[in-house]
Amino acid sequence: MSSPRPQGQVMDMRRRTIGRRRFLEAVLGGVALAALASQGWVRRAPAQGAARLQDAFAAARETDVVRALFGGDTAIPSDAVEIEAPYLAMPESGVDVAVRCGMQDIEMIAVVTTNNRHPLNSVIALSGADGYYGSRIRIERTSPVTAYVRAGGKLYSASATVKITGGGYGMYGGRWRRRTGG
Amino acid sequence: MEKRTRIRARRVAGHIEIMVLVNHNHPAEAEAPESAAAGAPEPEHYIERMTFELNGKTVAESWLGPGVAENPLIRIGLANARDGDRVAVRWIDNRGGGERVDTVIGYAPLPGGG
């Protein structure tokens, strides 16, 4: 993870960051600011919410993502968080991943694919919905998919490894899906 | 303009699951600008934000990155929703595109839509 990047990827990251900044400026001009401020985790640091998100999406390492999103909190592996993900998948395909959380007062769920160039996949802030979030995600190579869940002021996590094989070889061994927690 | 977003609410295991399918292709479909040098990274085109509302009140708000697959199928759950409640979804992508669709919980979806 810490190996030096080729120049092309650095440029790529910069382009991405600038695009996101332009987007955030446009969005924050409108009613979105009020919506952002209504989320508890943004309320804690109103001026920094957008910047933290921007940092989190631009980060190249999982630890940086977690620090940007959750500050210094350390994630507790928890059986109450369940990830549903396939055991094997093909590269460049949409991999169906779902996160279910059994705890109370869930504020936020973040899905992180550790080995992607930009690990943060998506973040959802919940203010009335259940602790459930599902999505199709891109996984560039074999990687743990980790769900970080903030609930009741604490940070929990659960992880499931998705193996990426060219052409999906080995997918048909009756191991389509597995659920895992903790 | 034809809707690009389909939304469906269904009752699953004690809660209402909201499924949102957005017809949103990644750069493979989008035209690359001619000025782009060969080998340059493809311009990214992805959904940036998606907001879910129940009867006009925001219940979930998600921020998505380029790592979300094209044509994403996003699911959330609502425990407190009842038949007749209105669920709306709004999304916006990184090029300013977006859409808002809504549906009513508890009614059979129309054929081919939802």
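- Tracing side-chain contacts under 4.5 Å through hydrophobic residues (I, L, V, M, F, W, Y), one reaches I164(A) starting from V97(A); they form part of the same cluster.
- Note on V101(B): it clusters hydrophobically with V87(B), by side-chain heavy-atom contacts below 4.5 Å among ILVMFWY residues.
- Contact detail for E70(B) and R138(A): the closest heavy-atom pair is N-NE, 4.5 Å.
- Note that the CE atom of M50(B) and the OG atom of S135(A) stand 8.5 Å from one another [nearest 0.5 Å].
- You'll find the side chain of S62(B) stays beyond 4.5 Å of the side chain of V123(A), heavy atoms only.
- Between D96(A) and R75(B) there is a salt bridge, with a side-chain nitrogen of the basic residue lying less than 4.0 Å from a carboxylate oxygen of the acidic one.
- Here CD1 of I137(A) is found 11.5 Å from CG of L64(B). Values are rounded to the nearest 0.5 Å.
- In this structure, the side chains of I76(B) and D130(A) stay at 4.5 Å or more apart for every pair of heavy atoms.
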Verdict with reasoning, R136(A) to L21(B), per side-chain contact (heavy atoms from CB on, under 4.5 Å): CA-CA 10 Å; R136(A) 283 187 200 146; L21(B) 179 64; 4.3 Å; yes
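- Residues I76(A) and M103(A) fall within the same hydrophobic cluster, defined by Ile, Leu, Val, Met, Phe, Trp and Tyr side chains chained together at heavy-atom separations under 4.5 Å.
- F70(A) and F57(A) fall within a single hydrophobic cluster, where Ile, Leu, Val, Met, Phe, Trp and Tyr side chains are chained together by heavy-atom contacts under 4.5 Å.
- Atom CZ of R100(B) sits in a crowded spot, with more than 12 heavy atoms from other residues, nucleotides or ligands closer than 6.0 Å.
- Between N80(B) and G128(A) the shortest heavy-atom distance is ND2-O, 4.4 Å.
- Here the side chains of I124(A) and W63(B) are not in contact, with every heavy-atom distance at 4.5 Å or above.
- Following chains of ILVMFWY side-chain contacts shorter than 4.5 Å, one cannot reach Y132(A) starting from I74(B), and the two form parts of different hydrophobic clusters.
- For residues 64-83 of chain B, there are no ring pair (Phe, Tyr, Trp, His ring centres under 6.0 Å) pairs, not counting sequence neighbours.
- Between A129(A) and A60(B) the shortest heavy-atom distance is CB-CB, 4.1 Å.
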